[in-house]
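Taking it in order: structure first as structure tokens, then the write-up.
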Amino acid sequence: MKLPFAWEHLIGVIALLLFCYGQVFGLFMVPPDAHMGDVARILFVHVPSAWNAFFVFTIAFVCALGYLISGRKGFDHALEAALEVGILLTILLLMTGSIFAKPTWDVWWKWEPRLTSSAIMLMTYVGVVVLRSVVQDNERRAVWSSAATILASVTLPLTYFSVQIWRSIHQIQTSPADIDAPLRMAWRINALAVLLLATWFLARRWRIAARRWELGDAPPLPEPLQPEEV
Amino acid sequence: MKPWQRLLLAFGALAVAGGALLFIVFSDKLAGDIFGDENLVFYWSPTELLDAGEKGRRATVRLGGMVRPGDDPNWDRKLPIEFYVEDADQRIMVRSTGAPPQMFREGIGVVVEGKLNSDGVFETDRVMVKHSNEYRVPDDEAEMADAARTLTLD
């Protein structure tokens with residue numbers, strides 16, 4: 001069956017509907033957290049964006065390895081998409097985390113292990129995207145940014161395990177048994193919704209990357225118009 | 001670029017990344033084992049702060065541990081708020097001139113910034129609360145109201 005539109009839009013629509021439902025569910029249909037009260041509801045955005053940021057950056061790592069091993073340009077398109085979607089999710093993660101930190105820790109930001117490593121992770125991947133933008137040649141850009149992405153991947157386990165490696169004020173990872181059922185449900189619905197949203201973005205961004213590759217170098221700027229032609 | 005060159009680059013990058021990861025994770029612990037002092041700690045426990053002696057009194061440091069109620073029955077209802085921060089072995093009295101966040105309560109983890117004075121009281125103006133990794137719904141209406149409690153000043 002041939003769809004009259006790109007397949008990812010179907011996922012996008014489902015993602016938006018599920019995300020709206022997940023947010024309404026998290027904001028109005030589950031009880032507040034016993035200790036933090038209503039403030040803890042921001043976790044229904046904060047935690048899904050964290051999980052998905054790690055997931056998407058892991059995709060970037062796999063694609064970088066995949067490109068260097070196989071040389072297939074599809075890996076580079078996916079890498080480009082994953083880098084930018086991952087950055088978007090990380091920015092969302094840091095913003096919601098900062099808003100969450102003010103009422104719970106009494107500060108907007110603290111240079112403690114989890115926050116510091118997350119900020120380093122964000123800046124590292126921004127660096128890889130900047131690197132991509134300064135290399136003109138397709139193959140060279142793919143090779144360089146793949147290597148850079150593999151190096152940048154150091155920040156993933158470092159950020160994820162920072163709360164265990166170092167003393168931190170950030171809470172450590174939780175397990176399903178430590179979350180009461182209604183709250184757990186809200187975490188999961190929103191995590192799935194953000195995953196679908198990320199998939200939608202990745203697919204859209206992949207297509208742009210594929211077009212860019214075909215175009216090769218950016219086309220030269222048009223000549224300025226001569227006065228007699230105006 | 002030839003395929004073998006790309007492969008070499010992939011393994012080179014993986015090796016550098018793995019080495020960097022190991023170094024970052026273990027260098028401070030290793031330094032701690034050799035020099036007896038870990039540098040990368042976000043806060044000190046009461047035991048560590050007391051063991052540090054004079055060194056612990058000179059600088060502004062962070063102290064972390066569990067909250068134990070102060071001696072005053074109204075300990076969490078007025079400023080400056082006085083309570084103990086304890087670990088398994090030691091406890092230190094903390095006096096804070098800043099109001100703590102609303103989820104501050106007995107038994108919760110806190111990190112406070114300030115100085116240990118000559119009387120052995122840790123003076124601070126900032127109490128940061130560390131939440132556990134458990135997320136629970138309130139048991140009843142009373143606990144629900146408590147979840148929204150704020151510090152009331154007399």
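Chain identifiers are assigned alphabetically (A, B, ...) following the order of the sequence lines, protein sequences preceding nucleic acid strands; residue numbering begins at 1 within each chain.
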Under 4.5 Å heavy-atom distance to chain B, tell me which part of P182(A) shows up: side chain, backbone, both or neither. side chain
Side chain K130(B), main chain S168(A), donor-acceptor under 3.5 Å: yes
Quick one, I165(A) and I24(B) - any side-chain contact, counting heavy atoms below 4.5 Å? no
When you look at CH2 of W187(A), are more than 12 heavy atoms from neighbouring residues, nucleotides or ligands closer to it than 6.0 Å? yes
Could you go through the side chain to side chain contact (heavy atoms under 4.5 Å, CB included) check for L151(A) and V16(B) one step at a time? CA-CA 7 Å; L151(A) 294 179; V16(B) 172; 3.7 Å; yes
Tell me the closest heavy-atom pair linking V129(B) and T104(A), and the distance in Å. CB-O, 3.6 Å
Looking only at non-hydrogen atoms, find the nearest pair between A13(B) and A147(A) and report the distance. CB-O, 4.0 Å
Which answer fits T149(A), side chain, backbone, both or neither, if we ask what part of it has an atom under 4.5 Å from a heavy atom of chain B? neither
Region of F61(A) in contact with chain B, defined by heavy-atom distances below 4.5 Å: side chain
Quick test of your reading of the model: are E48(B) and R167(A) salt-bridged, counting only N-O distances below 4.0 Å? yes
The reported gap from CZ in R6(B) to CD in E139(A) (rounded to nearest 0.5 angstrom) is 8.0 Å
Is it true that atom CE of M29(A) has more than 12 heavy atoms of other residues, nucleotides or ligands lying nearer than 6.0 Å? yes
Anything in residues 108-121 of chain B with a heavy-atom distance to chain A below 4.5 Å? Please list those residues in order. V111(B), E113(B)
Would you give the length of the straight line joining atom CD of E134(B) to atom OG1 of T174(A), rounded to the nearest 0.5 angstrom? 7.5 Å
Under 6.0 Å from the CZ atom of R140(A), do we count more than 12 heavy atoms belonging to anything else shown? no
State, to 0.1 Å, how close A17(B) and I150(A) come at their nearest heavy-atom pair, and which atoms those are. CB-O, 3.7 Å
Checking I69(A) against chain B: side chain, backbone, both or neither under 4.5 Å from a heavy atom? both
Is chain B contacted by the side chain of V107(A), its backbone, both, or neither, given a heavy-atom distance below 4.5 Å? side chain
How many angstroms lie between NZ in K110(A) and CZ in F42(B), if you round to the nearest 0.5 Å? 6.0 Å
Residue A177(A) versus chain B: region with a heavy atom under 4.5 Å: backbone
Pick one: which of I179(A), D33(A), L183(A), D178(A) meets side-chain contact (heavy atoms from CB on, under 4.5 Å) with R136(B)? D178(A)
Quick one: closest heavy-atom pair of V137(B) and P31(A), and the distance? CG1-CG, 3.4 Å
How long is the straight-line distance from NE2 of H131(B) back to CG of L43(A), given to the nearest 0.5 Å? 8.5 Å
Where does W111(A) contact chain B at under 4.5 Å (heavy atoms): side chain, backbone, both or neither? backbone
When you look at CZ of R72(A), are more than 12 heavy atoms from neighbouring residues, nucleotides or ligands closer to it than 6.0 Å? no
Find the distance between CZ (R126(B)) and CG (D106(A)) and round it off to the nearest 0.5 Å. 5.5 Å
Evaluate whether atom CE of M185(A) has more than 12 neighbouring non-hydrogen atoms of other residues, nucleotides or ligands under 6.0 angstrom away. no
Are more than 12 heavy atoms from other residues, nucleotides or ligands located less than 6.0 Å from atom CZ of F25(A)? yes
